[in-house]
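Quick note on labels: first sequence line is chain A, next is B, and so on, each numbered from 1. Keep in mind the model is a prediction, meaning the values are calculated, not measured.
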Amino acid sequence: MRLATWNVNSVKARLPRLLDWLAGTGPDVVCLQETKCPDGSFPADEVGELGYAVASHSDGRWNGVAVLSRIGLTDVAVGFPGEPGFPQPEARAIAATCAGTRVWSIYVPNGRTPDSPHYRYKLDWFAGLRDALATELGGGAPLAVCGDFNVAPTDADVWDPSLFAESTHVTPAERQALADLRDLGLVDVVPTPMKGPHPYTYWDYRAGMFHQNKGMRIDLVYATPSLADGVRSAYVDREARKGKGPSDHAPIVIDVEPAGAA
DNA sequence: ATGCCGGATGTTATCCGA
């Protein structure tokens, strides 16, 4: 199975690039974040022509997550029980089963600044996610939580940690929230960078950050050992960050063999 | 070259992102 995750920063603005990328990369399952499309406006017909079924969760101007699959898409769950809101619940999580693998696409709240109510919301959201995953993991199926976690796991995952001294994405509490997910038994599937030593997945649009490779690793795949043990390759597709009209995030592409395969 | 912010709404400004 080829599994991918990509924060597209508007599926409408990115549609031509998304379709080209799907056709060229051929993922079986794709998690999307920041689709930014109102309910019912996801371009399901266009991706359907490439063989993908779509499960989408939207709330209008911002946020929005989806799962695309060409190997089956069942048991779709939108959000999760007890999901915190700001103040209303937002479209930040969707899950589906694809050929026996449980796949979550998540878009964690940004947090804005550490003294913002949005930061407390971010931590509460992580705690709710952890509880929801703990329930699902009891089932024992291979599972992957894919998406924009909006936390750099270590200082090596930020191009200049000193610039983030007073910022979100690197605070101990946010990194503890990631550790709490790993404590459920989930494994960080770290992709290979296509350039440089760091598997960054995000580069700000401004000031030539991409061409200077000043990025962050904030898009993650957390998988059960039953899935992670089958991973044969994982890479950041930085080619998708180049050229005209890219998202500010690059996709992660993972090839995984089913449990029990040679 | 990968190149100096972009997408959304709809306020031709403002919010959001990390």
Side-chain angles (χ1 to χ4, degrees), chain A residues 6-18 20-21 32-43 56 58-66 85-88 90-92 106-123 125-126 147-175 177-178 193-220 235-251:
Chain A
W6 193 8
N7 180 325
V8 289
N9 187 16
S10 171
V11 71
K12 180 183 176 186
R14 216 65 57 215
L15 187 59
R17 289 187 67 124
L18 174 63
D20 284 350
W21 182 83
L32 300 178
Q33 301 86 37
E34 287 207 78
T35 54
K36 293 186 175 177
C37 60
D39 241 355
S41 70
F42 191 97
S56 172
S58 307
D59 63 17
R61 297 176 68 173
W62 293 303
N63 313 312
V65 285
F86 194 73
Q88 303 304 318
E90 299 174 313
R92 296 185 176 276
I106 67 166
Y107 175 51
V108 177
N110 172 290
R112 298 179 187 165
T113 60
D115 59 356
S116 162
H118 209 260
Y119 179 79
R120 171 41 54 187
Y121 169 46
K122 181 178 193 173
L123 297 178
W125 199 90
F126 265 123
D148 181 351
F149 285 58
N150 266 322
V151 180
T154 72
D155 281 353
D157 296 311
V158 179
W159 83 94
D160 184 351
S162 70
L163 296 176
F164 284 79
E166 305 298 326
S167 302
T168 58
H169 294 65
V170 301
T171 65
E174 290 167 282
R175 287 174 171 168
L178 295 184
M194 288 168 63
K195 178 184 175 183
H198 304 292
Y200 298 145
T201 62
Y202 163 85
W203 302 260
D204 198 292
Y205 284 122
R206 288 166 284 194
M209 299 291 268
F210 178 65
H211 84 273
Q212 298 174 68
N213 200 25
K214 293 180 176 177
M216 304 173 75
R217 183 169 86 99
I218 54 174
D219 298 272
L220 307 175
Y235 70 96
V236 180
D237 184 4
R238 68 189 304 284
E239 295 297 315
R241 180 63 178 77
K242 298 180 180 179
K244 181 177 173 56
S247 170
D248 43 3
H249 296 250

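Using a 4.5 Å cut-off on side-chain heavy atoms (C-beta onward), A:Leu220 and A:Ile218 make no contact.
Taking atom C1' in both B:dT12 and B:dG7, the straight-line distance is 16 Å, to the nearest Å. Using atom P as the reference point in both B:dG6 and B:dG10, the two lie 23 Å apart (nearest Å). Comparing B:dC4 with B:dT9, their C1' atoms sit 26 Å apart, to the nearest whole Å. Remark: the separation of the C1' atoms in B:dC16 and B:dT2 is 25 Å, to the nearest Å. Separation of the C1' atoms belonging to B:dA13 and B:dA18 is 22 Å when rounded to the nearest angstrom.
Judged as a side-chain contact (heavy atoms from CB on, under 4.5 Å), and not counting sequence neighbours, the contacts of A:Asn213 are A:Tyr200, A:Trp203. A:Arg217 pairs by the salt bridge (charged side-chain N to carboxylate O under 4.0 Å, His left out) definition with A:Asp157, A:Asp188, not counting sequence neighbours. The salt bridge (charged side-chain N to carboxylate O under 4.0 Å, His left out) test applied to A:Asp155 returns A:Arg175, not counting sequence neighbours. For A:Lys12, the side-chain contact (heavy atoms from CB on, under 4.5 Å) partners two or more places apart in sequence, or in a different chain, are A:Ser10.
Sorted by first and then second residue, the salt bridge (Lys or Arg N to Asp or Glu O under 4.0 Å) pairs involving residues 200-212 of chain A (not counting sequence neighbours) are A:Asp204-A:Arg206.
The CZ-P distance, from A:Arg241 to B:dC5, rounds to 12 Å in whole Å.
Positionally, the nearest nucleotide of DNA chain B for A:Met209 lies more toward the 5' end than for the other of A:Ala13 and A:Met209.
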**Fill in**
A correct 5'-to-3' footprint of nucleotides 9-18 of chain B, with B, S and - meaning base, sugar-phosphate only and no protein heavy atom under 4.0 Å, is S-----BSSB
